[in-house]
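Not measured: the values here are computed from a predicted model. Atoms within a ligand are numbered from 1 in the order they appear, just like the ligands themselves.
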Amino acid sequence: MAGRSRSLTSAQETEVPGKVSSPARISLTVNGSRKEAEVEPRLLLVHFLREDLGLTGTHVGCDTTHCGACTVLMDGRAVKSCTVLAVQADGRAITTIEGLADDGELHPIQEAFLLKHGLQCGFCTPGMLMTATALLQTNPHPTEEDIRIGISGNLCRCTGYAKIIESVQYAAKSAHSPEPRSGPNSGRSPGRRA
Ligand code: FES
Ligand code: FES
């Protein structure tokens, strides 16, 4: 904590009075809804989503861009929202974990994690699901290695990687199963919203 307060102090010391950037107007789509806002140019997308829009399913698990808990889709690509400025999302389509389910019906990747026990504490799960969704969108038939590489930017502190990989494999397989699965999500593509 001492280091943190020291760095805050030095940041404050270098702040030039009167040089604070003025708010920027942004317009973007979040989970299919148009949003307009005035934001500070330094505001991170993850804080905009969590604090301004109340979408707290996107987590913050580190301050070093390592954990991937903050992963969302930006125009269908998985991005770590702690490394994207809110102003960089201007004009883009963002999908967060809250946007995966459809009218209370689980997205197939969510269903796969549920059925295959792909989560323990669940803290990493929103980011894992968003990364897996983007992966299956670009690679509908991933090998185990593809999945391991695909989720390598997402850390699970509970270390349940075997079950996470199994869940992604299940989602991929069920999307291409000739037999319709029973249940409400039959036939939905795991990468549908990506
Ligand atoms: Fe850890 Fe974004 S919060 S990578
Ligand atoms: Fe606990 Fe991944 S399930 S951090």
Discussion item. Side chains of T95 and N31: any donor to acceptor distance under 3.5 Å?
Written reply: no

Discussion item. Can you confirm whether the side chains of T29 and R34 place a donor and an acceptor under 3.5 Å from each other?
Written reply: yes

Worksheet item: Does the side chain of E36 reach to within under 4.5 Å of the side chain of I26, using non-hydrogen atoms?
Response: no

Item to complete: Check ligand 1 against T65 and write out every atom of the ligand that is under 4.0 Å from a heavy-atom position of the residue.
Response: 4 (S)

Worksheet, complete the sentence: Atoms of ligand 1 under 4.0 Å from any heavy atom of C67, numbered from 1 in the order shown, are 1 (Fe), 3 (S), 4 (S)

Discussion item. Show the atoms of ligand 1 that are less than 4.0 angstrom away from any heavy atom in H66.
Written reply: 4 (S)

Item to complete: Please determine if atom 2 (Fe) of ligand 1 has an N/O/S atom from C70 lying under 2.8 Å away.
Response: yes

Item to complete: Could you list the atoms of ligand 2 found under 4.0 angstrom from a heavy atom of C158?
Response: 1 (Fe), 3 (S), 4 (S)

Practice prompt. Taking Y170 for its side chain and K116 for its backbone only, find out whether a donor-acceptor pair lies under 3.5 Å.
Written response: no

Worksheet item: Between E98 (side chain) and G57 (backbone), is there a donor-acceptor pair under 3.5 Å?
Response: yes

Discussion item. Using a 3.5 Å distance criterion without hydrogens, assess whether the side chain of D75 forms a donor-acceptor pair with backbone atoms of R92.
Written reply: no

Worksheet item: How close does the nearest protein non-hydrogen atom get to atom 4 (S) of ligand 2, and which residue and atom is it?
Response: R157 N, 3.2 Å

Discussion item. Looking only at protein heavy atoms, which one is nearest to atom 3 (S) of ligand 1, and what is the separation?
Written reply: G61 N, 3.4 Å

Worksheet item: At a 4.0 Å threshold, what atoms of ligand 2 neighbour a non-hydrogen atom of G122?
Response: 1 (Fe), 3 (S)

Worksheet item: Taking only heavy atoms of C124, which atoms of ligand 2 are found under 4.0 Å from at least one of them?
Response: 2 (Fe), 3 (S), 4 (S)

Worksheet item: How about C82: does one of its N, O or S atoms come closer than 2.8 Å to atom 2 (Fe) of ligand 1?
Response: yes

Item to complete: Select the closest option to atom 1 (Fe) of ligand 1 among G68, C62, G153, judged by heavy-atom distance.
Response: C62

Discussion item. Under a 3.5 Å distance rule, please check whether E105 uses its side chain to pair with a backbone N or O of D102 as donor and acceptor.
Written reply: no

Fill in: Between T143 and E145: side-chain donor-acceptor atoms closer than 3.5 Å
no

Worksheet item: For atom 1 (Fe) of ligand 2, does an N/O/S atom of C121 lie at less than 2.8 Å?
Response: yes

